[in-house]
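First the proteins, then the strands, lettered A, B, ... as listed; each starts at 1.
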Amino acid sequence: MLNQQILANLTKIVGKENVFTTKEDLICYSYDSTPIDHMPDVVVAPVKTEEIAAIMKLANENRIPVVPRGGGTNLSGGSVPVAGGIVMALHRMNKILEIDTDNLTATAQPGVVTAAFHQAVEKEGLFYPPDPQSMFMSTLGGNVAENAGGPRGVKYGVTKDYVLGLEVVSPNGEVIRVGGKTIKNVSGYDLIRLFAGSEGTLGIITEITFRLVPLPEAKRTVLALFDRLDDAARTVSGIIKQRIIPTTLELMDQKTMELIESFKPVGFPLDAEGALLIEVDGSAGEVDRQIVIVEEICKTSGAREVKVAADAAQATQLWTGRRSAFGAMARNALQVLAEDATVPRSKVPDIVREIQRIAAKYQLTIPTLGHTGDGNMHPNILVQSNDEEELKRVDAAIDEIFRAALDLGGTLSGEHGVGLAKQKYMDWEFNSSSLNMMRAIKKAVDPNNILNPGKIFLRGE
Amino acid sequence: MTEPLDKYLDETERCIRCGLCQKVCPIYAEMGSEPFVARGKVRLIRELIKGNVELSPRLKEILALCLDCGACVANCPPSVHTDKLVLEARAKITAEHGLPLPLAGALHGFLPNNSAQALVTKMAYFYQHSGFQKLLRGTGLLKALPLDLDKKEGLMPEFAPRTFRSMLGELPLKKDGKIRVAYFLSCMTNMVKPELGQAVIKVLENHGCEVVIPAGVQCCGTPHLAYGDTKVAAQLAENNARLLLETGADYIISDCATCGAALKKYDKLVPGLEGFADKVRDIAEFLVNVVNLRAGEKPVDGVVTYHEPCHLGRGQGVTAAPREILKAIPGLTFAEMEDADRCCGGAGTFNVMHYDLSMKILDRKLDSIRKVNPQMVATGCPACTMQLEHGLSRREMPISVVHPVELLARTY
């Protein structure tokens, strides 16, 4: 597919030192955070929009697949080049172009690491809320393309809620600009929402303008322990019903706490079936008011103990425990399949019960935690072997979890995207007319199907 | 025949590809591309074991860019030992392709040879103090040399007029004490910092120890392991361990983070050394955890910050003890810097082999130091000391680099 002429042209565009063809380099761009892999034919690392436009023109004319890639931390196979071709590594486009303290916006290139962006805007007293678990590695371009979420989604929403403007290179090499610094903008179709979550199938994001909010003055954390997981889950709905929207509202089940304590102990009890870790933020007075109400709701919903973190250090300790959950799971399994089935918030108790039932039915360990305040569950399936019989049970359990989430009025994916991992379930969630409209958009934007082919929809569709 | 590397296949397969190593790898922070982070290297070593890639020039290049700082291992959810994997892969390269000639000379001829060290120290001292160095720098002759030697020459430490080893016979070592300790003489204390050796002895004796110093110990073997020369490393380990054990000491003390970390792993390198590692202590660890740390009464004025050597913090788990020493010194103000445990980019000879990259890594450390604005940086590793001194002088920051024990010695 890639002849010497094309390689020579790529070299002309980005320079010899930014075109990689050795097997060693290709291997390093063949995977993301899922177990799926496929080798690309070449890796290119452009540094500006014009180079990307030239690469896309070349690829389009020669029908070469192109897969944009940020930190490569996808959990759905989004950046795996399943059709080979070009991996476009965007790590050189890592500049924060502007932090506009008058308009409370910031403009950045796609390769900026999310946590570095947080730091930069927080220095100015501003706040960019989306906080995907991978924020220390993931990039802003990847976050927009996957429409990443995170624990703070309960109160603050997800990546798409902060994108005001985009520069995107289309599959045929045109440079598109939509939106800008205005808060309101209803001119034309809302292409920003189309690109946010497009998983690299509609364009290469080359510049992003984000809306920022003032950095909250105060925050406090509560840990509530429950003897029954069901009570914990019901408390989630209870808090929302009381019109309190915490910054984060995380649920952990007994297995999750057990694993955390055996890895990096922070003092979670081993005999509680469930726990809620709740953070509220805002002005100091508002935070104090909310924390009292949250405490009260937890107690009346059956919490056996409610601990309010006395200071920042205690709060940090609790959150460190929560953040080490994935690591704790990884130590106890060959693979951890992190799913992100999401349901309406009132259905949290139902989906928690369903996941437990499914785990028991297929004799699997599925520690469950999640950003439950927004209904986003993370059942983590611990795969213990490459044994075919076990993998069959795993597949069946995943099928059933998605079926359950959809039956409860939910969705396949709250924040990881469809990618390769969930494409076979797409017609469970959408009827054929809905899917056809999505395919029609893809076909109109990318008639030669060169941009991240084989994702979202089943291949051949 | 199974290759020694083959037994690490399972270790490579424990990587869950989460990418958390990207957050902490100092090399990745500069390079930004996947082959240069632990996740990429682990994957490549897996493919090497499986026979899908060869010991190609590109693979060697990738494997060369690892500081062995261990930050990835410490932050890896399943604790994949990337540091060990990289060293094993380098051992395979050396076993099959040999060492590049200049390196082989340094590793086989110079470092293990105590009389060569003495000769070089004399020559280097002459070079640095005779005006010849100024002449070379002034004439631009260094710039004419290949391999940007003009910049690298600044990495060369100030050599001592004579080695510490040559002074051993004249030292008035006390012949009694509650605890008998064997002090392992590191190459850098020997050639560059004999005054550190004197400070260590003074501090140990002030803590009621009888200090014995076997003069025949050689290089600890770390440079050999870093370049994959397991065979010579094992020979050195065997000789050093024998000499240290013959002293009949209760403890074996090191003032060098790297030597200490190496000594603690001798039992893995040489059969029959079970229990050896249990006797080894870093000097700070020994003072705080074994004997009751006692500072003297003479104050040391100023603000000091602490750079945590990779081979002491992550390598030996010694993090609190050096800070305790600094806090115990009267008159001294201790101020913690940001990312104190981040690698300074020195990493043995990494700074010589990859100068520009090493300087970028060092710049981040210097930025952290600048924020604290101290008069002194304390650190317990000679390689870090050389690197930091080079960087501080390059950026004209008037800050000295000292071993915590040197400051402690001033209080008696």
Side-chain angles (χ1 to χ4, degrees), chain A residues 18 20-37 39 43 45 69-75 79-80 87 89-94 111 113-116 133-139 263-264 323-338 383 386, chain B residues 10-25 27-65 71-80 89 338-339 364 371:
Chain A
N18 297 308
F20 303 94
T21 54
T22 72
K23 194 171 181 187
E24 290 78 6
D25 288 283
L26 302 184
I27 285 172
C28 290
Y29 289 89
S30 67
Y31 54 79
D32 61 6
S33 289
T34 63
I36 312 164
D37 58 31
M39 293 277 273
V43 178
R69 185 183 186 278
T73 49
N74 303 75
L75 291 167
S79 56
V80 178
V87 164
L90 293 158
H91 60 269
R92 294 176 66 217
M93 295 186 65
N94 61 354
V113 172
T114 314
Q133 191 78 30
S134 57
M135 63 191 185
F136 296 105
M137 306 85 80
S138 69
T139 59
F263 175 35
K264 284 188 178 161
R323 266 190 277 273
S324 67
F326 186 68
M329 291 172 195
R331 301 174 88 86
N332 282 279
L334 190 66
Q335 289 293 342
V336 183
L337 300 176
V383 186
N386 282 320
Chain B
D10 288 350
E11 185 71 8
T12 63
E13 290 186 337
R14 292 199 306 114
C15 171
I16 52 167
R17 301 164 309 278
C18 64
L20 256 174
C21 39
Q22 293 181 14
K23 176 187 170 186
V24 293
C25 175
I27 303 270
Y28 180 80
E30 309 305 334
M31 309 288 288
S33 56
E34 186 77 19
F36 299 100
V37 75
R39 180 171 68 165
K41 292 185 178 111
V42 169
R43 181 60 160 242
L44 286 172
I45 292 169
R46 184 183 112 178
E47 300 305 319
L48 178 68
I49 296 171
K50 287 182 161 183
N52 295 330
V53 292
E54 288 164 13
L55 293 176
S56 63
R58 180 61 171 161
L59 188 70
K60 289 186 197 174
E61 198 176 298
I62 291 167
L63 292 176
L65 292 195
C72 53
V73 186
N75 283 276
C76 176
S79 297
V80 175
E338 256 174 45
D339 298 325
R364 294 183 193 240
K371 276 188 207 158

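In this structure, the side chain of B:Arg14 does not engage the main chain of A:Leu334 through any donor-acceptor pair within 3.5 Å. Judged by distance alone, the side chain of B:Gln22 and the main-chain N or O of A:Gly71 form a donor-acceptor pair under 3.5 Å.
At most 12 non-hydrogen atoms from other residues, nucleotides or ligands lie less than 6.0 angstrom from CD of B:Glu54.
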Could you walk me through whether B:Ser33 and A:Phe20 pass the side chain to side chain contact (heavy atoms under 4.5 Å, CB included) check? CA-CA 11 Å; B:Ser33 56; A:Phe20 303 94; 5.8 Å; no
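Neither the backbone nor the side chain of A:Asn94 comes within contact range of chain B, judged by heavy atoms closer than 4.5 Å. Interface remark: B:Ile62 contributes side-chain atoms only to the contact with chain A (heavy atom separation under 4.5 Å). Looking at A:Thr34, the atoms closer than 4.5 Å to chain B (heavy atoms on both sides) all sit in the backbone: N, CA, C or O.
Applying the salt bridge (Lys or Arg N to Asp or Glu O under 4.0 Å) test to every pair with at least one member in residues 27-40 of chain B, sequence neighbours left out, gives these pairs: A:Arg69-B:Glu34, B:Glu30-B:Arg364, B:Glu34-B:Arg39.
A salt bridge between A:Asp32 and B:Arg17 is absent, with no side-chain N of the basic residue lying under 4.0 Å from a carboxylate O of the acidic one.
Nearest heavy atoms, B:Ile16 versus A:Ala330: CD1-CB, 3.3 Å. Nearest heavy-atom pair across B:Cys18 and A:Phe326 is CB-CE2, 4.0 Å.
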Contacts under 3.5 angstrom, residues 43-51 of chain B side chains, donor-acceptor by atom type, not counting sequence neighbours:
from	atom 1	to	atom 2	distance (Å)
B:Arg43	NH2	A:Asp37	OD2	2.5
B:Glu47	OE1	B:Asn52	ND2	2.6

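For the pair A:Arg331/B:Pro77, no side-chain contact is recorded, criterion being any heavy-atom separation below 4.5 Å from C-beta on.
Between chain B and the residues A:Gly72, A:Ala89, A:Ala333, the most heavy-atom pairs under 4.5 angstrom are made by A:Gly72. Of the listed residues A:Thr73, A:Asn332, A:Asp25, the one with more heavy-atom pairs under 4.5 angstrom with chain B than any other is A:Asp25.
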